[in-house]
Amino acid sequence: MMTQSGHVPLSGALVERLRAARRILLLTGAGVSAESGLATFRGPDGMWEGRDPMSLATPEAFAEDPETVWRFYAWRREQAARAEPNPAHRAIAALQQERSGTSLVTQNVDGLHERAGSPETVRLHGSLWRLRCTGGCGEDEDLRQDLGTLPARCACGELLRPGVVWFGESLPQAAIAAATAAAESAELVIVAGTSSVVYPAAALPELARRHGAYVVEVNPEATPLTGRVDEALPNPAGTALPALVRAAGVRFEES
Ligand code: BV8
Ligand code: ZN
């Protein structure tokens, strides 16, 4: 039996789980911020000055050309500062506020979940807004303002770096532990707006499924995960998340 929620048809099995699940895990990626106007990492608009972001988000790229890598991150900070959270971010925050067993794990570094009012966010890949000293003086701060001359420098004279996790770097231990625990205990997992190609984040839905979770994917495009979920919703996150949250019995106003 299908239930229609807005323009999103949801199966009876999914609606039942949305209503009954005490532990829900939301795993989000760049697609959740696409409707806020932010380019996804691998999308058609994902290029920056003709370069693939994959080639810039590495320690090697930073070591070789810190100014170019910093210009890429300064541009992304400007885009993110101008963007507003969309109905997907707000619906997730509403669900977290209403249902205490809900966890949010994100690969996004833009801070839009926090700005939408999400009470707790496990950030697997760090934050665009954090700056860390590469020189070992221990400086690690949250700085929103303009960075001035690039590459940004610490008061100690060494280079600052963006507080994100680059390819080949380890994820923050506490974030991995929290995400793993949430996946192992979730009854329902909603994976939204991710291409599911970056590990270890991409392994979380599989882990949850092995522990008995019902896994739903929200993505207009097929991904390597699509064939391995219980249900795939080919809708944009800004439409699907409000529908899912309402089907869970949470009141949610769009604006
Ligand atoms: C690590 C932060 C241990 C910085 C990012 C071979 C096999 C397996 C693994 C590996 C391998 N070789 C190397 C690895 C490891 C590597 C990896 O996974 N590589 C892959 C690509 C092969 N992983 C790592 O290196 C990780 N660390 O493993 O540590 C280790 C250490 C040393 C040596 C070995 C191991 C660290 C990875 C962290 C990379 N950091 N971001 C920054 O942002 O600048 S990466 C980047 O990818 C993004 O920023 C994001 O965080 C992440 C995932 O991207 P998505 O969010 O999924 O975005 P994407 O653009 O891809 O997709 C958007 C989706 O949205 C699309 O599907 C689209 O259809 C959809 N969409 C669009 N519009 C909408 C929508 N959906 C819904 N609604 C819409 N409106
Ligand atoms: Zn320093």
Side-chain angles (χ1 to χ4, degrees), residues 8 27-48 51-62 69-70 72-77 79-80 86-89 91 105-112 123-141 152-173 175-176 190-205 216-226 232-242 244:
V8 185
L27 174 64
T28 64
V32 161
S33 296
E35 290 158 82
S36 294
L38 297 182
T40 58
F41 212 71
R42 291 172 187 75
D45 306 320
M47 299 295 272
W48 175 78
R51 293 188 62 165
D52 177 357
M54 283 282 288
S55 72
L56 295 159
T58 68
E60 293 77 17
F62 186 71
V69 172
W70 257 122
F72 170 59
Y73 282 95
W75 173 76
R76 287 179 56 201
R77 284 165 62 99
Q79 303 288 309
N86 68 55
H89 298 108
V105 175
T106 190
Q107 298 168 82
N108 296 346
V109 293
D110 55 34
L112 289 179
R123 280 193 259 105
L124 290 176
H125 295 164
S127 164
L128 279 179
W129 306 106
R130 286 209 84 80
L131 306 179
R132 281 207 316 264
C133 181
T134 58
C137 82
E139 177 66 1
D140 182 349
E141 60 173 338
R153 281 196 186 272
C154 181
C156 79
E158 298 293 335
L159 285 177
L160 286 168
R161 61 161 284 176
V164 299
V165 179
W166 283 325
F167 287 99
E169 293 184 325
S170 300
L171 277 66
Q173 201 48 51
I176 272 291
I190 300 169
V191 186
T194 174
S195 55
S196 290
V197 295
V198 175
Y199 284 82
L204 291 168
V216 183
E217 182 184 46
V218 173
N219 197 320
E221 308 287 337
T223 74
L225 182 68
T226 309
L233 305 178
N235 307 83
T239 310
L241 265 309
L244 289 166

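Nothing here was measured: the structure is a model prediction, and the numbers come from that model. When a ligand or atom number is given, it counts from 1 through the structure's own listing order.
Taking every heavy atom of V109 and a limit of under 4.0 angstrom, the matching atoms of ligand 1 come to 43 (O). Remark: ligand 1 atoms within the under-4.0 Å shell around heavy atoms of V198 are 18 (O), 37 (C), 47 (O), 52 (C), 53 (C). Close approach of ligand 1 to L171 is summarised as follows: ligand atoms under 4.0 Å from at least one heavy atom of the residue are 26 (C), 27 (N), 36 (C). Atom numbering of ligand 1 starts at 1 in the shown order; those under 4.0 Å from a heavy atom of W166 are 36 (C). Interface of H125 with ligand 1, defined as ligand atoms under 4.0 Å from a residue heavy atom, comprises 2 (C), 5 (C), 38 (C), 40 (N), 41 (N), 50 (C), 51 (O), 52 (C). The contact set between ligand 1 and A34, taken as ligand atoms under 4.0 Å from a residue heavy atom, comprises 73 (N). Remark: ligand 1 atoms within the under-4.0 Å shell around heavy atoms of G29 are 56 (O).
The nearest non-hydrogen atom to atom 9 (C) of ligand 1, considering only Y73, F72, Y199, F167, comes from Y199. Among E221, E217, E169, the residue whose heavy atom lies nearest to atom 29 (O) of ligand 1 is E169. In the candidate list L128, N219, L233, N219 is nearest to atom 69 (O) of ligand 1, counting heavy atoms. The heavy atom nearest to atom 59 (P) of ligand 1, out of those in S36, S195, P224, is found in S195.
Between the NE2 atom of H89 and the OG1 atom of T106 there is a distance of 7.5 Å, given to the nearest 0.5 Å. A distance of 5.0 Å separates CZ in R77 from CG in L131, rounded to the nearest 0.5 Å. Within the model, atoms CD1 of I176 and CG of L171 stand 5.0 Å from one another, a figure rounded to the nearest 0.5 Å. In this structure, CD in E60 is found 10.0 Å from CH2 in W166, a value given to the nearest 0.5 Å. To the nearest 0.5 Å, atoms NE2 (H125) and CG (D110) are separated by 13.0 Å. Note: L27 CG to Q107 CD = 5.5 Å, rounded to the nearest 0.5 Å.
Residues E217 and L225 approach most closely at OE2-CB, 3.8 Å, considering heavy atoms. The two residues S36 and N86 make their nearest non-hydrogen contact at OG-ND2, 3.0 Å. The two atoms that bring P172 and R123 nearest to each other are CG-O, 4.3 Å, heavy atoms only. Between N108 and V32, the shortest heavy-atom contact is ND2-CB, 4.5 Å. Smallest separation of non-hydrogen atoms from A30 and F41: CB-N, 4.0 Å. The two residues A237 and A88 have their closest heavy-atom pair at O-CB, 3.5 Å.
Looking at ligand 1, you'll find an N or O of Q107 within less than 3.5 Å of one of its N or O atoms. Considering both main-chain and side-chain atoms, F41 comes within under 3.5 Å of ligand 1 through a nitrogen or oxygen pair. Residue R42 places at least one N or O, backbone or side chain, under 3.5 Å from an N or O of ligand 1.
For atom 64 (C) of ligand 1, the closest non-hydrogen atom of the protein is G193 O, 3.5 Å. In terms of protein heavy atoms, atom 40 (N) of ligand 1 is closest to V165 O, 2.8 Å. Ranking the protein heavy atoms by distance from atom 74 (C) of ligand 1 puts G31 O, 3.5 Å first. Nearest protein neighbour of atom 33 (C) of ligand 1, counting heavy atoms only, is G168 O, 3.9 Å. Annotation: atom 57 (O) of ligand 1 to nearest protein heavy atom, T194 OG1, 2.7 Å. Of all protein heavy atoms, the one lying nearest to atom 78 (N) of ligand 1 is A237 N, 2.8 Å.
Protein heavy atoms are found inside the 4.0 Å sphere centred on atom 53 (C) of ligand 1. Checking atom 11 (C) of ligand 1 against the protein gives no heavy-atom contact under 4.0 Å. Under the 4.0 angstrom criterion, atom 7 (C) of ligand 1 counts as lacking any protein heavy-atom contact. Within the 4.0 Å cut-off (strictly below), a protein heavy atom is located near atom 24 (C) of ligand 1. Within the 4.0 Å cut-off (strictly below), no protein heavy atom is located near atom 14 (C) of ligand 1.
The proximity of R76 to ligand 1, defined as any non-hydrogen pair under 4.0 Å, is limited to the side chain. At a 4.0 Å heavy-atom cut-off, ligand 1 touches T40 through backbone and side chain alike. Contacts between E35 and ligand 1 below 4.0 angstrom, taking non-hydrogen atoms only, involve the side chain exclusively. If you look at A30 next to ligand 1, the close heavy atoms, those under 4.0 Å, come from the backbone and the side chain alike. Looking at V197 against ligand 1, only its backbone comes within 4.0 Å, counting heavy atoms.
Around the Zn ion (ligand 2), the angle linking C154 (SG) with C133 (SG) is 110°, rounded to 10 degrees. Rounded to 10°, the angle that SG of C156 and SG of C137 form at the Zn ion (ligand 2) is 120°.
With hydrogens and angles ignored, the 3.5 Å screen pairs no side-chain donor or acceptor of N219 with any backbone N or O of S195. Put simply, the side chain of W129 never gets that close to the backbone of P162: no donor and acceptor are under 3.5 Å apart.
Counting heavy atoms from C-beta outward, R130 and D140 have side chains that approach closer than 4.5 Å.
Exactly one of V191, T194, T239, I190 qualifies for a side chain to side chain contact (heavy atoms under 4.5 Å, CB included) with V218. That residue is I190.
Checked for salt-bridge contact, E169 and R161 meet the test: a charged N lies under 4.0 Å from a carboxylate O.
Taking the six-membered ring where the residue is Trp, W70 and F62 present perpendicular rings, their angle passing 60° and hence far from 30°.
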